[in-house]
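Working notes for the structure below.
Letters go in sequence order (proteins before strands), and every chain restarts at 1. Excluded from the calculations below are hydrogen atoms, water molecules and symmetry mates; all remaining heavy atoms, backbone and side chain alike, are included.
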Amino acid sequence: MGRILTMPLDREPEIDKKERLEVMRHSAAHVMAEAVQSIFPDARFGIGPSIENGFYYDFELPRSLTPDDLPSIEAKMGEIIALNAGFIREEMTKEKARRLLAAQPYKLELIDEIPDETVSLYRQGSFVDLCRGPHVTAAGEIKAFKLLNIAGAYWRGDEHRPMLQRIYGVAFDTEEALSEHLLWLEEIKKRDHRKLGRELEIFIFDDEVGPGLPLWLPNGGIIIEEIEKLAKETELKHGYVRVRTPHLAKEDLFKRSGHLPYYAESMYPPMEIEGVRYYVKPMNCPMHHKIFASKTRSYRDLPLRIAEYGTCYRYEKSGELLGLMRVRSMQMNDSHIYCSETQFGQEFAAVVFLYLEYFKIFDIKEYYMRLSTHHPSGLGKKYVNNSAMWLKTEDMVRRAMDSNNIPYREAVDEAAFYGPKIDVQVKSAIGQEYTLATNQVDFAQAESFDLKFANEKGQEERPLIIHRAPLSTHERLVGFLLEHYGGAFPVWLAPVQVTVIPVADRHLDYARKLEAGLSSEGVRVKVDARSERMSLKIRQAQLDKVPYMLVVGDKEVATATVSVRLRSGEQLPAQSLASFEETVRTVIADKARDLK
RNA sequence: GCCAGCGUAGCUCAGUGGUAGAGCAGCGGUUUCGUAAACCGCUGGUCAAGAGUUCGACUCUCUUCGCUGGCUCCA
């Protein structure tokens with residue numbers, strides 16, 4: 001139902017404001033379409049909704065747009081808004097709407113899909129659009145807006161259909177809010193993990209090595225070592241065993257596992273050795289299944305939790321790569337848990353609780369769990385063809401989540417090929433949502449690998465398998481953490497934890513003594529021994545986001561103390577080295593974010 | 001992979017159909033300094049790669065590679 005937007009007084013002002021903005025953004029999309037139509041009379045129109053912070057509209061045009069077109073479209077929009085034409089809603093039969101929009105094939109397609117007998121159209125100035133509404137009453141209500149970029153977008157999101165040209169814009173109710181938003185866009189560029197990764201010398205990509213194949217620099221190596229240490233300690237505590245497996249395997253293994261039928265398009269092409277085809281592994285599971293099958297298993301062995309930081313390779317289309325977030329070589333915090341059906345609920349929930357344990361350490365608060373289920377239309381194509389097991393395991397996951405009061409959302413058609421999964425969606429500090437951790441059920445591979453164990457009655461039973469990667473891959477986790485912390489890692493992860501800054505060269509001996517003391521405590525410490533001014537060294541340590549700076553000059557040497565500057569700029573009281581060591585030890589041991 | 005844009009020194013960026021520039025970084029000196037940039041000098045480039053147009057291409061055209069923003073796809 002179209003609704004003329006007025007100002008109801010009985011509504012929550014915040015909700016009302018949000019809705020009013022959405023309506024205004026949607027109307028801005030129509031105005032943009034009108035502007036485009038006036039420049040390209042033959043334009044064909046796709047859809048033009050409001051989105052977070054703004055709007056877009058998809059067009060089919062006689063030529064490609066370039067960024068240079070945006071100012072003239074913006075100017076035209078300004079003229080349209082100045083005319084303040086009313087948005088007029090008309091309801092009519094589909095037949096009449098088809099005649100009116102006869103030159104608009106995309107609109108005709110949309111009309112065909114509307115179940116109702118009548119449809120609504122909105123008219124403003126010279127532009128008419130099929131639209132559910134609502135809209136502003138007149139174009140003059142559209143306030144501060146800006147067109148940001150153009151992009152290709154497949155009609156209806158289908159890569160087999162034509163690619164339209166999309167223009168994105170942002171719109172706010174005041175100029176202040178708009179410039180605030182534009183400022184924020186500038187700010188988040190500084191927090192981009194690709195920029196921070198280069199500045200802090202965490203990782204690089206090299207054209208000759210290849211796209212999506214990161215090289216970890218020494219600083220990145222330290223962070224990865226720390227994360228692995230955490231994973232190994234935690235997994236030991238939770239009863240996991242560690243294995244190691246090769247990067248390659250014969251074709252037959254991946255045929256058996258189901259990767260070749262269901263996952264081939266994400267795998268690198270095979271290589272042939274002595275007449276046998278080998279594939280680089282996209283996942284570790286088949287290898288772990290072989291380890292499970294390497295001897296007779298009893299119910300007493302279960303749950304068997306096999307863990308490995310396995311390196312996997314996946315072919316991602318070139319346009320899909322994104323810094324560390326989407327790569328082609330990755331090290332996964334992988335494990336496969338083999339358990340009986342009765343153990344499943346508890347094991348599955350234990351993995352979810354493991355996520356929460358990690359998220360607490362990394363101070364990750366913005367996330368939600370997503371139950372990704374199959375869609376029947378994908379059976380035998382995307383998904384292993386066993387409808388009964390899909391329904392059964394999806395229900396088992398729901399029960400495991402519900403009985404532990406863990407909230408989740410369901411997403412149909414997002415499952416892995418071998419079973420449903422819980423994905424943990426996190427929002428990075430710069431607003432992008434990623435699947436970080438994952439917890440997957442596998443009902444298919446136990447059968448294809450003929451995995452079994454002897455139960456209490458001495459009968460053979462199939463285990464269920466849980467694939468899990470709570471710490472994601474090193475690549476995605478470090479990429480996420482770079483943005484999450486803005487490069488200012490907590491001390492336990494910081495590549496350099498303490499920089500000692502001698503005021504003048506004569507303080508170098510004392511600085512070296514401090515370095516030796518801290519180093520023997522396992523603290524990652526460096527002396528900035530350059531013949532430079534102290535303030536330059538402080539600046540350098542600040543830019544490197546080193547948590548602690550120890551400034552030492554005549555005063556410190558004389559009193560055998562250290563002057564502690566935090567990277568926040570805060571100054572701690574002068575103290576003995578022993579006292580500082582105590583602080584650092586505690587902060588590292590607690591994996592604390594606070595430096596004091 | 002698709003659409004568009006971009007690619008100049010290690011980094012950030014100027015620049016032009018007629019001999020390639022700056023700041024920072026690096027290197028060599030001078031300076032020995034108290035909480036975010038001392039001073040002087042030097043080095044550093046097949047202007048992403050290849051082909052074409054032109055008397056002459058870093059600049060114009062084409063192809064390839066890479067990156068960026070989206071779309072599609074995903075840990």
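Separating the P atom of B:rC42 from that of B:rG21 is a span of 14 Å, rounded to the nearest Å. Taking atom P on both nucleotides, B:rA57 is separated from B:rG50 by 14 Å, rounded to a whole Å. When the C1' atom is used for both B:rG17 and B:rG69, the distance is 32 Å, rounded to whole Å. Taking atom P in both B:rA49 and B:rG10, the straight-line distance is 13 Å, to the nearest Å. With P as the reference atom, B:rA9 and B:rA14 are 12 Å apart, rounded to whole Å.
Atom CG of A:Asp509 sits in a sparse spot, with 12 or fewer heavy atoms from other residues, nucleotides or ligands closer than 6.0 Å.
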Apply salt bridge (Lys or Arg N to Asp or Glu O under 4.0 Å) to residues A:Arg156 and A:Asp158 and explain how you reach the verdict. CA-CA 5 Å; A:Arg156 318 215 73 181; A:Asp158 183 342; over 6 Å; no
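Set against B:rC74, B:rC11, B:rA36, the side chain of A:Arg198 has B:rC11 as its closest nucleotide. Checked against B:rC71, B:rA75, B:rU32, the side chain of A:Ser531 finds its nearest nucleotide in B:rU32. Among B:rC71, B:rG69, B:rA38, the nucleotide with an atom closest to any side-chain atom of A:Met163 is B:rC71. Nearest nucleotide to the side chain of A:Arg565, out of B:rU35, B:rC73, B:rG5: B:rU35.
Remark: B:rG28 base-pairs with B:rC40. Criterion, Watson-Crick or G-U wobble with two distances under 3.5 Å. Pair assignment for B:rC71 gives B:rG1, based on Watson-Crick or G-U wobble hydrogen-bonding distances that are each under 3.5 Å.
Between A:Ser64 and the phosphate of B:rA4, there is a side-chain N or O to OP1/OP2 separation shorter than 4.0 Å.
The side-chain tip of A:Arg244 does not point at the ring of A:Tyr309 from less than 6.0 angstrom away and within 45° of straight on.
If you check every strand for non-hydrogen atoms under 4.0 Å, A:Ala504 touches a base.
Screening A:Ile538, A:Thr499, A:Val564 against A:Val551 for a side-chain contact (heavy atoms from CB on, under 4.5 Å) leaves a single residue, A:Ile538.
Taking atom CG of A:Asp423 as the reference point, atom P of B:rC74 lies 11 Å away to the nearest angstrom.
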